[in-house]
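To start, the structure itself, in structure tokens.
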Amino acid sequence: MRGRRKEKVERPVRVRPPYLRSLALVTLLFASLYFVTMLLSVPRVWEETADRLSLIGYVVFMAILFYIYTSHLGTTFRLQAGNRKAWQHMSRISVAYILLAIVSLNDGRDTVWIAQAFEINAILAGVAMAVMILYLNRSRVREYFTPSYADNPPLWQWLLFIAGRDPFKKGNLRFI
């Protein structure tokens, strides 16, 4: 028994897709600029807003933005490891930023705080996140986030994964 060696099973090495790290950092930069711009507006909004309902809406908006920003910060670094949950989270965060940018651009009724002063940052953040979503859904990138025990599912299953339906829970297993 001692002279018998166990054979190593070599798994295919997953190669990190090009630009994954740099694109994640660029989106983090745009998210940071957007977040800092919104933070700098807090004193002005607090003084200029007479309507308490609008002020409460702004506080809720800032709380959501803070949560999304801190999630983005952690996910940016987890994404490099090929963690498919990080892929899912980054896709969700990108969609959330796009929605916040749309709200920022459309919600200028009684307050000046979003629509006029922060259009450029909202547009830049939205565009950066749209590019990130498109990049994450490229077949080579999806393949990087596919577990080694499974076949790469089609794009529509990855899109359902963003919504919460994991394509690797059932089926799609590769038998070696």
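Atoms considered below: every heavy atom in the structure, side chains included; atoms not considered: hydrogens, waters and symmetry mates. This is a predicted model, so every value here is computed, not measured.
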Minimum heavy-atom separation for [X] and [Y], please, with both atom names.
X: Tyr144; Y: Gly82; result: CE2-CA, 3.5 Å
X: Phe145; Y: Leu20; result: CZ-CD2, 4.0 Å
X: Leu136; Y: Trp87; result: O-NE1, 2.8 Å
X: Gly126; Y: Ile98; result: O-CG1, 3.7 Å
X: Ala31; Y: Met129; result: CB-CE, 4.1 Å
X: Leu100; Y: Tyr34; result: O-OH, 3.7 Å

**Q.** Full working for side-chain contact (heavy atoms from CB on, under 4.5 Å) between Thr146 and Phe168
**A.** CA-CA 8 Å; Thr146 300; Phe168 304 106; 3.7 Å; yes

Please report the interatomic distance [atom1]([X]) to [atom2]([Y]), rounded to the nearest 0.5 Å.
X: Asn83; Y: His89; atom1: CG; atom2: NE2; value: 11.0 Å
X: Asn152; Y: Arg142; atom1: CG; atom2: CZ; value: 5.5 Å
X: Leu160; Y: Leu155; atom1: CG; atom2: CG; value: 9.5 Å
X: Tyr19; Y: Arg138; atom1: OH; atom2: CZ; value: 9.0 Å
X: Arg84; Y: Asp166; atom1: CZ; atom2: CG; value: 4.5 Å
X: Leu39; Y: Ser32; atom1: CG; atom2: OG; value: 10.5 Å

Q) Within a radius of less than 6.0 Å around CZ of Arg165, do more than 12 heavy atoms belonging to other residues, nucleotides or ligands occur? A) no

Are [X] and [Y] connected, step by step, through hydrophobic side chains (Ile, Leu, Val, Met, Phe, Trp, Tyr) whose heavy atoms are closer than 4.5 Å?
X: Val60; Y: Leu53; answer: no
X: Trp156; Y: Ile162; answer: no
X: Leu134; Y: Leu23; answer: no

Determine whether [X] and [Y] make a side-chain contact, defined as any pair of heavy atoms from C-beta on separated by less than 4.5 Å.
X: Leu25; Y: Arg21; answer: yes
X: Leu28; Y: Leu73; answer: yes
X: Thr76; Y: Met90; answer: yes
X: His72; Y: Tyr97; answer: yes

Q. What orientation do Trp158 and Phe161 show, parallel under 30°, tilted 30 to 60°, or perpendicular over 60°?
A. perpendicular

(Q) For Leu79 and Met132: C-alpha separation, side-chain torsions, deciding distance, then whether side-chain contact (heavy atoms from CB on, under 4.5 Å) applies. (A) CA-CA 12 Å; Leu79 195 64; Met132 185 62 160; 3.6 Å; yes

